[in-house]
There are 2 protein chains.
Amino acid sequence: MSPLSTGVLGALDPTSDRAVFRQIADQLREAIDKGRFREGEKLPSEAELVEHYGVSRMTVRNSFSILQGEGLVHSEHGRGVFVRPRPPVRRLASDRFARRHREQGKSAFLVEADTVGSHPEVDSLQVKEERATPDVSARLGSVRRVLVRRRRYLLDGRPVEFATSYLPLDIARDTPIAQPNPGPGGIYRRLEELGHRLDHFEEEIKARMPSPDEVATLRLAAGVPVIHLIRTAYDTEGRAVEVCDTVMAADAYVLSYRLPAT
Amino acid sequence: MSPLSTGVLGALDPTSDRAVFRQIADQLREAIDKGRFREGEKLPSEAELVEHYGVSRMTVRNSFSILQGEGLVHSEHGRGVFVRPRPPVRRLASDRFARRHREQGKSAFLVEADTVGSHPEVDSLQVKEERATPDVSARLGSVRRVLVRRRRYLLDGRPVEFATSYLPLDIARDTPIAQPNPGPGGIYRRLEELGHRLDHFEEEIKARMPSPDEVATLRLAAGVPVIHLIRTAYDTEGRAVEVCDTVMAADAYVLSYRLPAT
DNA sequence: AAGTGGTCTAGACCACCTA
DNA sequence: AGGTGGTCTAGACCACTTG
């Protein structure tokens, strides 16, 4: 409630063509960018900004709404509007499916979380048989029914990724892959034990805004896109043996790939 | 103005806890998802929805604002609110930097656009020397000054990507790379001619909402994230010879990568 | 109890587009 | 000219958080 909390903000330019609520958003954005408001810090309240700029409350709220859409701030009912902190980031390296990693006991997700000191969890585990969607069927080579494995990954209690694997029934039915816990090394190691020696993976990446479902599942803040990754695993005979559809909170990931120049 | 244009929409549930503007957004979203409103089609006007639901205009506008944030619709001043059409997508394959492509005459962007029948353009070309930012310097191995090449790529008149390349001065100064048009095969081919045989590239990918600058440069619609890609090129001696920082309209791209399983 | 953001109303004037 | 969205006001009541 300090009268100085708006001290870093300037005045409006009444001669400008730019809408008032955009000018206010511009000033707040600049203040955030310049570090005048730090991560996690509370911005001036709506009432203070109404007072400072001499505008109506809806105008101030429109400004906040812009910044929220840009993912710069988030609001907490009854508490205030805060500069959104950057969450810890999960880096996915291009060697993450190397056989040497599979040959260790734990799954890639758990191993990696340990090395960065985060607490990993997997929940919403679901394994069942379903009819293949046209897209999955096309990727797996005209398969009718598939084994589906869904699971959600969390780091330090925060959901970061929701993944769904699809495997042809003739490969996966009545194998450890159809168990909720497929055992050490994960399903890729089981596939190799079943004689499907893995050759390579193909990953397709898109980014988009989340659906309301995805907002709920990943507990996404406003202004956070998702990375939608579809990976297909091929064995040495050129057969697609798994499709994995993954939706990731974009603010929690950096993907990295190595490309040959030859 | 047809009284039937809201025919696909239901009634509000006054007993629901869900805010009215969210209920309206839900109904519109569902209608769009089910194809009751097609791509590019106009939604009922604000006035019609005010009439249909018996709410105030601001409430209807809040609903539209949700859908806009999700990238589902876009508004045109004086015309209406429309279902946002999905633009044509540019697919980037993981072999896009293979030497065989460099050895052809044209740049990758132009070749590829031709094959999908789009009209490619490059503008805002800018070449100059600058001090390296800390991040670029770290990636290039403690380089102080760099040659900077900026350019914007367009497909069929639509900006889709804005790229900035950084090269160490000792490599690029007084070479064709410092020319606005570096010649056939692009700067990667020039680098090889200068004795820097390329070994591999590393790409780092993030997704996030665009800054206001990026919205302007790429003419992004509301609710469209950007893919931020940073590529580093390494020569056979392990030296980083170029860093390319690229911001792409996420709705215009699918990236694809091949990962080894070994 | 006081302060905060969340929702909603009922107006107003403007700029833009189509006809 | 009439319809459309863009901006803005001045209220109101509510739900949530904090002291």
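Each chain gets a letter, A, B and so on, in the order its sequence line appears, and its residues count up from 1.
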*Asks:* Between B/E130 and B/Y166, do the side chains contain an N or O donor and an N or O acceptor separated by less than 3.5 Å?
*Replies:*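 No, no side-chain donor-acceptor pair sits under 3.5 Å.
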*Asks:* Starting from P on D/dT18, measure out to CD on A/E76 and report it in whole angstrom.
*Replies:*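 Taking CD of A/E76 and P of D/dT18, I get 8 Å after rounding.
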*Asks:* Mind calculating the distance between CG (A/L49) and P (D/dC8) to the nearest angstrom?
*Replies:*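 Whole-Å distance recorded here is 15 Å.
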*Asks:* I want to confirm an ordering. Mapping A/V20 and B/V81 to their closest nucleotides on DNA chain D, which one lands closer to the 5' end?
*Replies:*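 It is B/V81 whose nearest nucleotide is closer to the 5' end.
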*Asks:* Can you tell me which nucleotide in D/dG5, D/dT17, C/dC8 comes closest to the side chain of B/R61?
*Replies:*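 Selected nucleotide: D/dG5.
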*Asks:* Could you check whether B/R18 gets within reach of a base, just the sugar-phosphate, or nothing at all, counting any heavy atom under 4.0 Å?
*Replies:*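 Touches nothing.
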*Asks:* Salt bridge check: are A/D245 and A/R231 linked by an N-O gap of less than 4.0 Å?
*Replies:*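 Not counted as a salt bridge, because no side-chain N and carboxylate O are separated by less than 4.0 Å.
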*Asks:* Rounding to a whole Å, what distance do you find between B/E51:CD and C/dA10:C1'?
*Replies:*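 One finds 16 Å between C1' of C/dA10 and CD of B/E51, rounded.
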*Asks:* Would you call B/R139-B/D135 a salt bridge at under 4.0 Å N-O?
*Replies:*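 Salt bridge between B/R139 and B/D135, a charged N being under 4.0 Å from a carboxylate O: yes.
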*Asks:* Counting only side-chain heavy atoms from C-beta out, which of C/dA15, C/dG6, C/dT9 sits nearest to B/H77?
*Replies:*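 Nearest nucleotide to the side chain: C/dA15.
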*Asks:* C/dG5, C/dC8, D/dC8: which one has an atom nearest the side-chain heavy atoms of A/S45?
*Replies:*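 Of the candidates, C/dG5 comes closest.
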*Asks:* From CZ of A/R79 over to P of C/dA2, roughly how many Å is that when rounded to an integer?
*Replies:*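 Atom CZ in A/R79 sits about 21 Å away from atom P in C/dA2.
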*Asks:* Take atom CD of A/E48 and atom P of C/dA2, then tell me their distance rounded to the nearest Å.
*Replies:*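 Nearest whole value for this atom pair: 18 Å.
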*Asks:* Choosing from D/dG5, C/dT9, D/dC8, which nucleotide comes nearest the side chain of A/T59?
*Replies:*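 When the side chain of A/T59 is considered, D/dC8 is the closest of D/dG5, C/dT9, D/dC8.
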*Asks:* Before accepting this row, confirm whether a basic side-chain N of the pair B/R36/B/E41 lies closer than 4.0 Å to the acidic partner's carboxylate O.
*Replies:*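 Between B/E41 and B/R36 there is no salt bridge, as every charged N stays at least 4.0 Å from the carboxylate O atoms.
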*Asks:* Quick one: A/D17 CG to C/dC16 C1', roughly how many Å, whole number?
*Replies:*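 Taking atom C1' of C/dC16 as the reference, CG of A/D17 is at 14 Å.
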*Asks:* Do B/R151 and B/S165 have side-chain atoms, one donor and one acceptor, less than 3.5 Å apart?
*Replies:*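 Their side chains do contain a donor-acceptor pair, which is all the 3.5 Å distance test asks for.
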*Asks:* Classify the nucleic acid contact of A/F21 as base, sugar-phosphate or nothing, counting any heavy atom under 4.0 Å across all strands shown.
*Replies:*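 Sugar-phosphate only.
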*Asks:* Considering only heavy atoms and no angle criterion, is a donor-acceptor pair shorter than 3.5 Å present between the side chain of A/R57 and the base of C/dG6?
*Replies:*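 For A/R57, whose side chain was compared with the base of C/dG6, there is a donor-acceptor pair (under 3.5 Å).
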*Asks:* In whole angstroms, how far is the P atom of D/dG6 from the CD1 atom of A/I66?
*Replies:*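 Taking atom P of D/dG6 as the reference, CD1 of A/I66 is at 12 Å.
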*Asks:* Measure NZ/B/K42 against C1'/C/dT18 and give the value in whole Å, please.
*Replies:*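 After rounding, the reported distance stands at 12 Å.
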*Asks:* Below the 4.0 Å mark, does C/dG6 have OP1 or OP2 next to a side-chain nitrogen or oxygen of A/S75?
*Replies:*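 Checking A/S75 against C/dG6: at least one side-chain N or O falls below 4.0 Å of OP1 or OP2.
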